[in-house]
There are 2 protein chains.
Amino acid sequence: MNNPVEEIREGLMEAMGRITSFWGFSRIMGQLYGLLYLSPNPLTLDEMSESLAISKGNVSINIRALERWSMVKAVWVKGDRKDYYEAETDFWKIVKGVLREREKKEFDLALDSVGKLLRKSVETQKTAKSAEAAFAIERLKKLEDFIQTMDKLVGVLMTLEDIKRNLFGLTKKK
Amino acid sequence: MNNPVEEIREGLMEAMGRITSFWGFSRIMGQLYGLLYLSPNPLTLDEMSESLAISKGNVSINIRALERWSMVKAVWVKGDRKDYYEAETDFWKIVKGVLREREKKEFDLALDSVGKLLRKSVETQKTAKSAEAAFAIERLKKLEDFIQTMDKLVGVLMTLEDIKRNLFGLTKKK
DNA sequence: TGATACGTTTAGAAAGTTCTAAACGTTAGA
DNA sequence: TCTAACGTTTAGAACTTTCTAAACGTATCA
């Protein structure tokens, strides 16, 4: 506890907890990730449970969530039947995964909903013209256009081979 | 209720509720926004309270949050002492505001935390060399670099005059 | 003035979420 | 086969968030 590296690890756990919480994951996911990220060796459920002072069940659930999002991976340690985990250190890979699995889906869903409403409005306008329906059509079109652009933006980010190089290359004039 | 435009409005309220909830705002903020976005006239607290079937106090709190984020604006209606609200329809403006007020701050904070931890690690390493500290330094540097890049990316998006035109201009070859 | 029509604040109810401890099922080795 | 060491699931406790109804303060108009 008075070990300076221990203090640093705790600092990162706190910071990562903040970050995951902000991005809509559980705080404990971040704390676990922070712990693993600064551990030279992979850790077991029990070790993590102890480090964070939370129940083993809680670690189990959160470590599986981290695994689901490819933020940590299980590694096999010869001669031990416990499961060991280590942090995925390729952040771009993690970001791309989250964009693909979560953000992209959300945009697609939004696009779908608004598209349906727009078609419904146009249908309504055909049978019974009204200023109200015309107004709705105009606004929904604008919204659809916006979501489409955001959707494309996410799509581009998702497929870039190296976000860093590519994105910052592009912001400079040739 | 059987009015088709009414149905469309309800559809958008639902969709916008989903969206704001996903992005870490309250669901009701989205529903209010959806309602206002498809209303040809600005609406009062009581009208919104009625449309969403929620208490006036709840509308009051959520409409002020929307105002804070520049998603709606209050308009003055001559001869009426009630407050009227209408939707801000410039989505790029809203996105930029949120990036500036919320996302940017979060990145800066993360950068700050990690920077501090990194400096502390280097300090530790000076007085008492250890493989553990060296490992921490290496990993923290990598993390700092990543956050810095994301931070810059947000900064670029934030200041672009027209995100749509600029970003998609850049993804095409010349 | 007083009465009324507002938006805001608040105390506590309701709903939702996250956590733990214990029960559980499975595997491995004696 | 029995026992012990695992990770997972679960029931309910603890905590957090969100909502309402009512009280409140202020401005308006008679």
Side-chain angles (χ1 to χ4, degrees), chain A residues 13-14 16-36 39 41-69 71-86 102, chain B residues 13-14 16-36 39 41-69 71-86 102:
Chain A
M13 288 187 223
E14 193 190 323
M16 292 301 306
R18 259 195 71 86
I19 294 172
T20 50
S21 176
F22 181 78
W23 290 100
F25 299 93
S26 97
R27 166 164 271 104
I28 288 191
M29 281 172 74
Q31 293 171 343
L32 285 172
Y33 185 86
L35 173 60
L36 292 173
S39 293
N41 323 84
L43 302 178
T44 64
L45 282 198
D46 284 317
E47 287 169 321
M48 294 186 267
S49 167
E50 186 177 4
S51 278
L52 295 202
I54 58 174
S55 75
K56 200 160 60 130
N58 202 358
V59 174
S60 173
I61 284 170
N62 280 283
I63 208 77
R64 291 200 322 114
L66 282 169
E67 225 181 347
R68 227 220 109 230
W69 290 103
M71 295 181 198
V72 307
K73 45 194 174 192
V75 295
W76 182 68
V77 170
K78 199 170 77 177
D80 198 327
R81 56 192 262 236
K82 285 180 189 151
D83 294 350
Y84 283 79
Y85 292 91
E86 66 181 22
R102 210 178 63 167
Chain B
M13 287 188 225
E14 193 190 327
M16 292 301 306
R18 257 196 73 87
I19 293 171
T20 50
S21 176
F22 181 77
W23 292 99
F25 300 94
S26 98
R27 164 164 272 106
I28 287 190
M29 281 172 72
Q31 293 171 343
L32 285 171
Y33 185 86
L35 173 60
L36 291 173
S39 293
N41 324 80
L43 302 178
T44 64
L45 282 197
D46 284 316
E47 287 168 321
M48 294 186 265
S49 165
E50 193 186 348
S51 278
L52 295 202
I54 57 175
S55 74
K56 199 160 60 131
N58 202 357
V59 174
S60 173
I61 284 171
N62 280 284
I63 209 75
R64 292 202 318 114
L66 282 169
E67 225 182 346
R68 225 223 110 232
W69 290 104
M71 296 182 197
V72 308
K73 45 196 173 189
V75 295
W76 183 68
V77 170
K78 196 168 82 176
D80 198 327
R81 48 194 265 239
K82 285 181 190 152
D83 295 349
Y84 282 78
Y85 292 90
E86 65 181 22
R102 211 178 63 163

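Scope of the values below: all heavy atoms of this structure, side chains included, with no hydrogens, waters or symmetry mates. Sequence lines set the chain letters: A, B, ... in the order given, protein chains first and strands last, and positions in each chain run from 1.
Counting heavy atoms of neighbouring residues, nucleotides and ligands inside a 6.0 Å radius, atom CD of B:Glu14 does not exceed 12 of them.
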>> The test is side-chain contact (heavy atoms from CB on, under 4.5 Å); show your working for A:Leu32 and A:Ile28 and say whether it passes.
In response: CA-CA 6 Å; A:Leu32 285 172; A:Ile28 288 191; 4.0 Å; yes
>> Show, in sequence, the C-alpha distance, side-chain angles and deciding distance for A:Val59 and A:Leu52, and conclude whether the side-chain contact (heavy atoms from CB on, under 4.5 Å) test is met.
In response: CA-CA 9 Å; A:Val59 174; A:Leu52 295 202; 5.8 Å; no
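Distance check, rounded to the nearest 0.5 Å: CD of A:Glu47 to CG of A:Leu36 gives 10.0 Å.
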>> What does the B/S/- profile of nucleotides 17-25 of chain C look like, 5' to 3', with a 4.0 Å heavy-atom cutoff to protein?
In response: --SB-----
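One can place NZ of A:Lys82 at 17 Å from C1' of D:dT8, the figure rounded to the nearest angstrom. One interatomic measurement links the two molecules: CD1 of B:Ile63 to P of C:dG7, which rounds to 11 Å at whole-angstrom precision. A straight line from CG of B:Leu32 to P of D:dC19 spans 10 Å, rounded to a whole angstrom. One atom, OH of B:Tyr85, and another, P of C:dG7, lie 8 Å apart when rounded to the nearest Å. To the nearest angstrom, P of D:dT17 lies 16 Å from CE of B:Met29. Remark: P of D:dT28 and CG of B:Asp83 are 12 Å apart, rounded to the nearest angstrom. Rounded to an integer number of Å, the gap from CE of B:Met48 to C1' of C:dG7 is 11 Å. Between A:Glu67 atom CD and D:dG7 atom C1' there is a gap of 12 Å when expressed in whole angstrom units.
Between the side chain of A:Arg81 and the base of C:dA28, no donor-acceptor pair under 3.5 Å is found.
B:Ser49 places no side-chain N or O within 3.5 Å of a backbone atom of B:Leu45 that could act as its donor or acceptor partner. With hydrogens and angles disregarded, a donor-acceptor distance shorter than 3.5 Å links the side chain of B:Thr20 to the backbone of B:Met16.
Listed pair B:Ser60 / C:dG7 fails the phosphate criterion, with no side-chain N or O lying under 4.0 Å from OP1 or OP2.
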